[in-house]
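Right, one structure below, let's go through it.
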Amino acid sequence: MQLSNLNLATVPTHVGIIMDGNGRWAQQRKLPRSSGHKAGMNTAREIIKAAGKAHIKYLTLYTFSTENWKRSEQEVNFLMFLLKNNLRKEFERYKADRVRVLFSGDINGLPKDVQKEIYDVQNASKDFDGLNLIFAINYGGRDEIIRAIKKLTSDKDFSSEKLTSENFSSFLDIPEMPDADLIIRTGGEKRLSNFLMWHSAYSEFEFSDILWPDYTPDEFYKSIASYQNKDRRFGGYTTGNNDE
Ligand code: FPP
C-alpha cells in the first residue's frame with residue numbers, strides 16, 4: 001500500500017508499535033540475536049520516516065520493556081548500546097524532519113550514559129513541531145500506572161477525591177500523550193505484553209505475522225488503511241444510528 005493511496009485526513013493520531021520478531025529473524029539466518037536487533041533498528045528508521053510522511057502526530061515504539069532485563073547480559077548491553085548510538089546518529093535526521101523525541105518508561109533505571117543521551121535528545125528536540133516520536137524504554141504499562149500513583153500520592157496539592165480518568169493522565173510519563181488509536185504488533189503473537197495499558201482502553205489492533213526486521217512502510221500503510229475501515233464506537237453507537 002502506497003502513501004498516495006492513504007486518506008491522510010483520517011490517519012490515527014497515535015500509533016503504538018510492538019516491534020517483535022528480531023530474534024527469530026536472526027535465528028532463521030543463523031545470525032546472532034544482535035544482528036536481528038540491528039536490522040530491527042533499520043526498520044524502525046524507515047517506519048519513523050513513513051509515519052512522519054503520513055502526518056501521524058504520535059508514534060510510540062516499544063523498544064525495551066521492564067521484562068527485557070531477564071535477557072542475557074550480552075543482549076541487554078547490546079540493546080543499550082544500540083539505543084544510545086541510534087539516538088546520537090539519528091539526531092540530524094530528526095532535526096531535518098522536525099521530529100520531537102520523547103521517552104516513556106522508568107528512565108532512572110537505565111545506565112547513566114543512556115540517560116544522558118535521552119535527556120540531551122529530548123532537550124534538543126523539545127521545540128520541534130513534526131512527529132512526536134516516543135521511545136518506550138524500561139517501560140511496562142503496569143509500572144507506568146504504579147509510578148503515576150506514587151507521584152499522585154506524594155503530591156500534597158492533589159486530593160485523591162478529585163481523581164478522574166482525565167486528570168490521572170497528568171501523572172503518567174507523558175501527560176499530553178493521547179490514547180493510542182491503533183496498536184500494531186509484528187511477529188505473529190497476539191497480545192499486549194504490558195504495552196500502553198492505560199492508553200489502549202479503546203485501541204484498535206493490527207497484527208502482522210511479518211518479523212519486525214522485514215516489516216516495511218507499505219505494510220505499515222496497509223495497517224493504517226485497515227484501521228481506517230474500522231467502525232470505532234467507544235462504547236456508544238455507530239455514527240448515523242437512527243433508532244432513537
Ligand atoms: C523484540 O524482538 C524486540 C525487542 C525486545 C527490542 C526492540 C528493539 C529494536 C527494534 C532495535 C532497536 C531499535 C531502536 C529504535 C533503537 P525479540 O528479540 O523479542 O524477537 P523474538 O520474539 O523473535 O525473539
Side-chain angles (χ1 to χ4, degrees), residues 15-52 56 58-94 97 99-107 109-111 113-122 125 131-141 143 183-196 207-217 219-220 223:
V15 179
I17 309 186
I18 303 172
M19 310 181 286
D20 198 13
N22 295 347
R24 280 164 284 163
W25 183 92
Q27 202 174 22
Q28 284 173 4
R29 288 162 180 75
K30 307 210 176 335
L31 293 168
R33 292 180 63 84
S34 57
S35 303
H37 294 316
K38 231 172 165 173
M41 189 181 72
N42 293 332
T43 302
R45 182 186 302 122
E46 295 310 310
I47 299 303
I48 293 165
K49 274 198 262 175
I56 287 164
Y58 290 83
L59 176 70
T60 302
L61 300 179
Y62 203 5
T63 310
F64 191 89
S65 78
T66 45
E67 285 73 37
N68 285 155
W69 297 107
K70 292 181 202 151
R71 299 193 174 195
S72 73
E73 193 182 336
Q74 193 189 6
E75 184 170 350
V76 169
N77 287 345
F78 186 78
L79 281 167
M80 292 297 148
F81 159 82
L82 209 57
L83 185 65
K84 186 176 125 182
N85 264 17
N86 173 72
L87 291 174
R88 189 172 304 171
K89 277 212 221 127
E90 296 297 310
F91 183 71
E92 284 310 311
R93 201 188 312 266
Y94 296 151
D97 293 340
V99 175
R100 178 170 167 240
V101 187
L102 298 157
F103 297 86
S104 184
D106 188 3
I107 302 306
L110 293 168
D113 56 332
V114 179
Q115 285 189 41
K116 182 181 177 328
E117 210 60 47
I118 282 178
Y119 292 127
D120 284 354
V121 176
Q122 189 161 269
S125 68
L131 171 74
N132 292 287
L133 170 63
I134 298 125
F135 290 103
I137 304 174
N138 197 16
Y139 179 87
D143 184 61
I183 293 183
I184 297 172
R185 181 172 187 144
T186 63
E189 310 284 358
K190 295 189 174 67
R191 54 175 174 258
L192 189 58
S193 300
N194 207 6
F195 187 46
L196 298 181
F207 297 103
S208 167
D209 288 334
I210 298 172
L211 303 176
W212 176 250
D214 289 330
Y215 197 67
T216 59
E219 285 297 326
F220 178 64
S223 297

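When reading the values below, keep in mind they use all heavy atoms of this one structure, side chains included, and skip hydrogens, waters and symmetry mates. Numbering of ligands and ligand atoms starts at 1, following listing order. This is a predicted model, so every value here is computed, not measured.
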- Message: Tell me whether R29 forms a cation-pi arrangement with W25, defined as NZ or CZ under 6.0 Å from the six-membered ring centre and within 45 degrees of its axis.
- Response: yes
Nearest protein heavy atom to [atom], by residue and atom, and its distance?
atom: atom 6 (C) of ligand 1; value: T63 O, 3.4 Å
atom: atom 20 (O) of ligand 1; value: G23 N, 3.0 Å
atom: atom 1 (C) of ligand 1; value: M19 O, 3.2 Å
atom: atom 12 (C) of ligand 1; value: L82 CD2, 4.0 Å

- Quick one: salt bridge (charged side-chain N to carboxylate O under 4.0 Å, His left out) partners of E117, sequence neighbours excluded? R88
- Query: Residues in salt bridge (charged side-chain N to carboxylate O under 4.0 Å, His left out) with K89, at least two apart?
  - Reply: none
Report yes or no: does [X] have a heavy atom closer than 4.0 Å to ligand 1?
X: N86; value: yes
X: G187; value: no
X: F64; value: no

Is there any N or O on [X] that sits under 3.5 Å from an N or O of ligand 1?
X: N22; result: yes
X: R71; result: yes
X: D20; result: yes
X: N68; result: no
X: R33; result: yes

- Item | Candidate list D106, L110, L79, test side-chain contact (heavy atoms from CB on, under 4.5 Å), partner I137, passing option | L110
- Query: Within a radius of less than 6.0 Å around CD of Q74, do more than 12 heavy atoms belonging to other residues, nucleotides or ligands occur?
  - Reply: no
- Does K38 NZ have over 12 foreign heavy atoms under 6.0 Å away? no
- Item | Under 4.0 Å to a heavy atom of F135 - the qualifying atoms of ligand 1, by number | 15 (C)
- Query: Which atoms of ligand 1 sit under 4.0 Å from any heavy atom of A44?
  - Reply: 15 (C)
- Message: Can you confirm whether I118 sits close enough to L87 that some side-chain heavy atom of one is under 4.5 Å from a side-chain heavy atom of the other?
- Response: yes
- Logged contact type for W25 with ligand 1, heavy-atom cut-off 4.0 Å, is neither
- W212 contact mode with ligand 1 (heavy-atom cut-off under 4.0 Å): side chain
Any side-chain to backbone donor/acceptor pair from [X] onto [Y]? Under 3.5 Å, distance only.
X: W212; Y: N22; answer: no
X: T43; Y: M41; answer: no
X: N194; Y: G141; answer: yes

- Check the side chains of S223 and Y215 for a donor-acceptor pair under 3.5 angstrom, ignoring hydrogens and angles. yes
- Note on the structure: Looking at H37, E67, E90, K38, the heavy atom closest to atom 11 (C) of ligand 1 belongs to H37
